[in-house]
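Predicted, not measured: the structure shown is a model, and the values here were computed from it. As a basis for the values below, the full set of heavy atoms in this structure was taken, side chains included, without hydrogen atoms, waters or symmetry mates.
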2 protein chains.
Amino acid sequence: MAGLSSRSAVAIHALAMLAHRRGGSLTSAEIADSLESNPVFVRRILGRLRDAHLVWSTEGRGGGWSLARAPRDITLYDAYAAVEEGQIFSRHTHPPNGGCEVGRGIGDLLDAEFRSAERALEEQLGRTTIAGLLQQILASDGEPRGH
Amino acid sequence: MAGLSSRSAVAIHALAMLAHRRGGSLTSAEIADSLESNPVFVRRILGRLRDAHLVWSTEGRGGGWSLARAPRDITLYDAYAAVEEGQIFSRHTHPPNGGCEVGRGIGDLLDAEFRSAERALEEQLGRTTIAGLLQQILASDGEPRGH
DNA sequence: ACAAACTGTAACCAATCCAGTGACAGTTAA
DNA sequence: TTAACTGTCACTGGATTGGTTACAGTTTGT
């Protein structure tokens, strides 16, 4: 549990690629290729993005994946929320000992503190859109490099 | 990787217990008892808190653990930083394909976005001290309950 | 001197999750 | 009818977590 899975990063990468296509579609193999990963893994993640109504897919030959919303209407939080599950912080498996004054009261308060911290992280993620991210990517790509 | 370990929760719980002792000490067995856990696990976590100069320990008979700072000078972020390691977000194992325009540029930008989100979480954790948490615990414990 | 009560580690375990992979049914277009 | 996709299952190896036993080292009490 040294943090979250790489699913958020993969999801954001895939959304940025789709945004770069401007309405066009990509196959899971093409996306997996850019990630140096494999199509099944990509389809598992894109499937979650579809459940969250961020992308849609078409089956059969010529099928693939497309954005379901404008890139400026998709934030990094949307991607994060679609593919990560549960809370970031874990509580200890066993409930605290009720015979301890501190143990009795700490449970709910700790949950509240943790949720508050997670909310701060989520709000920060919500401040960047796929459109904004793509714009930065393309801007840095075209930077002059001394020749 | 469905989130962080429970070490932060355990660390904060232990710090709150020590703060409740007001300068006194507790053994790892006593703390483990309140957590319904075991002393070795607790010593592993308290060892990290000691490395971060939040607590100190004395060996031998009558030994145990005490706070190294005033509870109002220890935040939840201090506990978190002492026991959790690395970043919350993971990147995909393989680097993105350099042949892809999006893949080339996304790496550093994604790192920056993730770090920014993590910083927001950390700042929120830094707003609560052990002293404040303990105060809330004791206040809710002594609440009038209709009799 | 000796026993008791601690810390500090190492070693091992079961459970869980991640990501990689092969397989294959279902769907659609050429 | 074939080719190219999605959708999903099953299995894998590797990493990490928390539980537990064991034991060496340290300090106090008698």
Flag side-chain contact, heavy atom, 4.5 Å: [X] against [Y]:
X	Y	result
B:Leu125	A:Phe89	yes
B:Leu121	B:Tyr80	yes
A:Glu113	B:Ile12	no
A:Glu30	A:Met17	no

Whole angstroms only, please: what is the [atom1]-[atom2] distance between [X] and [N]?
X	N	atom1	atom2	result
A:Glu59	C:dT28	CD	P	6 Å
B:His94	C:dC18	NE2	C1'	12 Å
B:Asn38	C:dG8	CG	P	16 Å
A:Phe41	C:dT21	CZ	P	11 Å
B:Arg43	C:dA5	CZ	P	15 Å
B:Trp56	C:dG8	CH2	P	12 Å
A:Leu4	C:dT16	CG	P	20 Å
B:Asp51	C:dT9	CG	C1'	13 Å

Going by the side chain to side chain contact (heavy atoms under 4.5 Å, CB included) test, name the single residue among A:Leu138, A:Ile130, A:Leu15 that passes it with A:His20. A:Leu138
Can you tell me how far OG of B:Ser66 sits from CZ of B:Arg22, rounded to the nearest 0.5 angstrom? 14.5 Å
Can you tell me how far the SG atom of A:Cys100 sits from the CD1 atom of B:Ile31, to the nearest 0.5 Å? 10.0 Å
Quick one: is A:Ser37 getting a side-chain N or O under 4.0 Å of the C:dG20 phosphate, OP1 or OP2? yes
Closest-nucleotide ordering on DNA chain C, the 5'-leading residue of B:Ser28 and B:His92: B:Ser28
Nearest-nucleotide 5' precedence on DNA chain C, A:Val40 against A:Gly60: A:Val40
Which nucleotide span of DNA chain D, 5' end to 3' end, has atoms closer than 4.0 Å to non-hydrogen atoms of chain B? D:dT17 to D:dG29
Which part of the nucleic acid, if any, lies within reach of [X] when heavy atoms closer than 4.0 Å are counted: base, sugar-phosphate only, or nothing?
X	result
B:Ser90	nothing
B:Arg7	sugar-phosphate
B:Gly47	nothing

Out of C:dT7, C:dA11, C:dG20, which has the shortest distance to the side chain of B:Arg44? C:dA11
The nucleotide from C:dA11, C:dG8, C:dT21 with an atom nearest the side chain of B:Trp65 is C:dG8
In degrees rounded to 10°, what angle is found between the helical axes fit to the five outermost pairs at each end of the helix from C:dA1-D:dT30 to C:dA30-D:dT1? 0°
Would you kindly compare A:Arg50 and A:Arg61 by the position of their nearest DNA chain D nucleotide and give the one closer to the 5′ end? A:Arg61
What pairs meet the salt bridge (Lys or Arg N to Asp or Glu O under 4.0 Å) rule with one or both residues in residues 116-126 of chain A, with sequence neighbours excluded? none
Check: A:Ser116 side chain, A:Ala112 main-chain N or O, donor-acceptor pair, under 3.5 Å: no
Is a side-chain N or O of A:Ser6 found less than 3.5 angstrom from the main chain of A:Ala9, in a donor-acceptor match? no
